[in-house]
Amino acid sequence: MDDMRTRTVLALVFDGVLSLDLTGPVEVFAGANAWCAEQGLDKAYEIRTASIGGNPVRTSSGLVITPDSALDDGPAPDLLLVPGGEGTREQPDVVDWLRGNARRAERLVSVCSGAFLLAEAGLLDGRRATTHWWLCDTLAGRFPEIDVEPEPIFVRDGEVSTSAGVTAGIDLALALVEDDLGREAALTVARYLVVFLRRPGDQSQFSAQLAGQTAQRRSLREVQRWIDEHPEADLAIPALAERANLSPRQFARAFTAEVGTSPGRYVDRVRLEAARRRLEDTDAGIEETARNCGFGTPEAMRRAFIRALGVGPAEYRRRFKPAS
């Protein structure tokens, strides 16, 4: 646990902000304050909202938020939270303010498309960052000086942290609470919010089915369904090509063109998801899980987990399997 001083959290709001990008992390910090009260401690976070000029803003869903103050009021915060939403597309005043003031904060955090505001202000130059998977290519194309990582749910690069869409902001906030107050505090908040503590930042944003797309031709769709339902089977290209009545070369080319990812990568993702579900939802052992999900050996599954999620199967189960 770090020093127990009260940290100031300033949540920036603007017209068109996505309310969940704002309220998700804020509820995590408020939950941490409740945990502190139960422990007889001073609150960990002083939370306030602010907008340009202190003006009320309307969220993308139509809710009206009256901020606590104008952005220029008060000292620099310990943590500056920049949410996303449709409103990030046109916020020159917000970008100007960020460019001149954001570096004064000890920690800078964006959620979802809030990364675009940081990028426009030059705050992500030369850094690793992420955003909603749907927007990662756009972010990388508009700002080539940023090392955009499309798969992690959040990325922490020094004092700057960026997260993927909506609920990933909760994961990032829980990670920050764990840094500040320790694992028990973050666990308590996670349980209260009915989320698992905690998805590692390197966990993929999306499933194989979301990362890819459904093939156009029926034979390839049937192969996709077979892969999804039989991760333990022989899923090498020759076997899959035979199911599609294509040569291995034709199959690999057609699958990649229509699904948007290679057969091998698609199979790897399906097997990883199958193993994750078994570790979360069953008491099956590591060896049994590896065998039933097509990895063959526990070591092969461990390497796949480390490569994709940053943690091994045993640690993944410890973090995500609900207590019985």
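When atom types are taken as modelled, the side chain of E149 and the backbone of R128 share no donor-acceptor pair closer than 3.5 angstrom. A donor-acceptor contact shorter than 3.5 Å links the side chain of S51 to the backbone of N55. Between the side chain of T130 and the backbone N or O of S163 there is no donor-acceptor pair closer than 3.5 Å. Within the 3.5 Å criterion, the main-chain N or O of S60 finds no donor-acceptor partner in the side chain of E86. A donor-acceptor pair under 3.5 Å links the side-chain atoms of R271 to the main chain of P231, judged by distance alone. Put simply, the side chain of R7 never gets that close to the backbone of D78: no donor and acceptor are under 3.5 Å apart. A donor-acceptor distance shorter than 3.5 angstrom exists from the side chain of D15 to the backbone of R58, with no hydrogens or angles considered.
For the atom pair CG of L123 and CD of E159, the computed distance is 9.5 Å after rounding to the nearest 0.5 Å. Rounding to the nearest 0.5 angstrom, the gap separating the NE2 atom in H132 from the CZ atom in F116 is 11.0 Å. Distance check, rounded to the nearest 0.5 Å: OG1 of T59 to CZ of F14 gives 10.5 Å. Atom CD of E178 and atom CG of L187 lie 7.5 Å apart (nearest 0.5 Å). The OG1 atom of T6 lies 10.0 Å from the CG atom of L41; values are rounded to the nearest 0.5 Å. Here L80 contributes atom CG and L10 contributes atom CG; the two are 5.5 Å apart, rounded to the nearest 0.5 Å.
When the options T8, D180, N33 are evaluated for a side chain to side chain donor-acceptor pair (under 3.5 Å) with Y45, the one that passes is D180.
Partners of T88 under the side chain to side chain donor-acceptor pair (under 3.5 Å) rule, at least two apart in sequence or in another chain, are S113. Judged as a side chain to side chain contact (heavy atoms under 4.5 Å, CB included), and not counting sequence neighbours, the contacts of D234 are A236, A239.
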Pair up each side-chain donor or acceptor in residues 16-32 with any protein partner under 3.5 Å, not counting sequence neighbours, and list the distances.
residue: D21; atom: OD2; partner: G84; partner atom: N; Å: 3.1
residue: T23; atom: OG1; partner: S19; partner atom: O; Å: 3.0

Atom pairs and distances, side-chain donor-acceptor, residues 291-298, under 3.5 Å, sequence neighbours left out:
residue: N292; atom: ND2; partner: E288; partner atom: O; Å: 3.4
residue: T297; atom: OG1; partner: A300; partner atom: N; Å: 3.1

Side-chain donor-acceptor contacts of residues 136-144 below 3.5 Å, not counting sequence neighbours, with atom names and distances?
residue: R142; atom: NH2; partner: E120; partner atom: OE2; Å: 3.3

Using atom types as modelled, flag every donor-acceptor pair under 3.5 Å from a side chain in residues 63-74 to any protein atom, sequence neighbours excluded.
residue: D68; atom: OD2; partner: T49; partner atom: N; Å: 2.8
residue: D68; atom: OD2; partner: T49; partner atom: OG1; Å: 3.4
residue: S69; atom: OG; partner: R48; partner atom: NH1; Å: 2.6
residue: D72; atom: OD1; partner: W97; partner atom: NE1; Å: 2.9
residue: D73; atom: OD2; partner: A70; partner atom: N; Å: 3.4

Is there a salt bridge (charged side-chain N to carboxylate O under 4.0 Å, His left out) between E151 and R269 once you walk through the steps? CA-CA 12 Å; E151 294 210 5; R269 283 176 166 164; 2.4 Å; yes

Evaluate salt bridge (charged side-chain N to carboxylate O under 4.0 Å, His left out) for E258 paired with R217, printing each intermediate quantity in order. CA-CA 8 Å; E258 294 194 20; R217 67 183 82 179; 2.8 Å; yes

Steps toward side-chain contact (heavy atoms from CB on, under 4.5 Å) verdict (L118, L108): CA-CA 9 Å; L118 300 190; L108 183 58; 4.0 Å; yes

Determine whether R225 and E222 satisfy the following criterion, salt bridge (charged side-chain N to carboxylate O under 4.0 Å, His left out), listing intermediate values before the conclusion. CA-CA 5 Å; R225 183 162 62 246; E222 291 294 331; 2.4 Å; yes

As a quick check of understanding, evaluate side-chain hydrogen bond (donor to acceptor under 3.5 Å, both in side chains) for S247 and Q250, giving each step before the final call. CA-CA 5 Å; S247 73; Q250 288 174 321; 3.2 Å; yes

Please determine whether salt bridge (charged side-chain N to carboxylate O under 4.0 Å, His left out) holds for the pair E106 and R5, giving the CA-CA distance in whole Å, both sets of side-chain angles, and the decisive distance to 0.1 Å. CA-CA 14 Å; E106 289 185 10; R5 65 189 174 90; 3.0 Å; yes

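Summarising the geometry of A215 relative to R221, their closest heavy-atom pair is O-CG, 2.9 Å, with the distance given to 0.1 Å. V259 and Y266 get closest at one heavy-atom pair: CG1-CD1, 4.0 Å. The two residues A275 and M301 have their closest heavy-atom pair at CB-SD, 3.9 Å. Heavy atoms only, all atoms of each residue included: W133 and P150 are closest at CB-O, 4.2 Å. In this structure, R302 and P313 approach most closely via the heavy-atom pair CA-CD, 3.7 Å. Closest of all the heavy-atom pairs between T162 and A115 is CG2-CB, 4.5 Å.
For the pair L98/L12, a side-chain contact is recorded, criterion being any heavy-atom separation below 4.5 Å from C-beta on. Looking at L174 and V189, their side chains come closer than 4.5 Å, going by heavy atoms from C-beta outward. The shortest side-chain heavy-atom distance between V111 and L81 falls under the 4.5 Å cut-off. In this structure, R276 and R278 have side chains that are not in contact, with every pair of non-hydrogen atoms separated by 4.5 Å or more. Looking only at side-chain heavy atoms (C-beta outward), V109 and V82 stay at 4.5 Å or farther from each other. Side-chain contact between Q91 and L117: present, with at least one pair of heavy atoms (C-beta onward) separated by less than 4.5 Å. Within the 4.5 Å cutoff, the side chain of L240 has heavy atoms near those of the I227 side chain. Put simply, the side chain of F251 does not reach to within 4.5 Å of the side chain of R243, judged on heavy atoms.
For E90, the CD atom is loosely surrounded, since the number of other residues' heavy atoms within 6.0 Å does not exceed 12. Open room surrounds CG on D42; 12 or fewer heavy atoms of other groups in view lie less than 6.0 Å from it. Shown here is E232, whose CD atom has more than 12 heavy atoms of other residues, nucleotides or ligands within 6.0 Å. Sparse packing is recorded around CD of Q216, with 12 or fewer heavy atoms of other residues, nucleotides or ligands lying under 6.0 Å away.
Taking hydrophobic clusters as Ile, Leu, Val, Met, Phe, Trp and Tyr residues chained together by side-chain heavy-atom distances below 4.5 Å, I306 does not share a cluster with I286. Note on W226 and V267: same hydrophobic cluster, where clusters join Ile, Leu, Val, Met, Phe, Trp and Tyr whose side-chain heavy atoms are under 4.5 Å apart, directly or indirectly.
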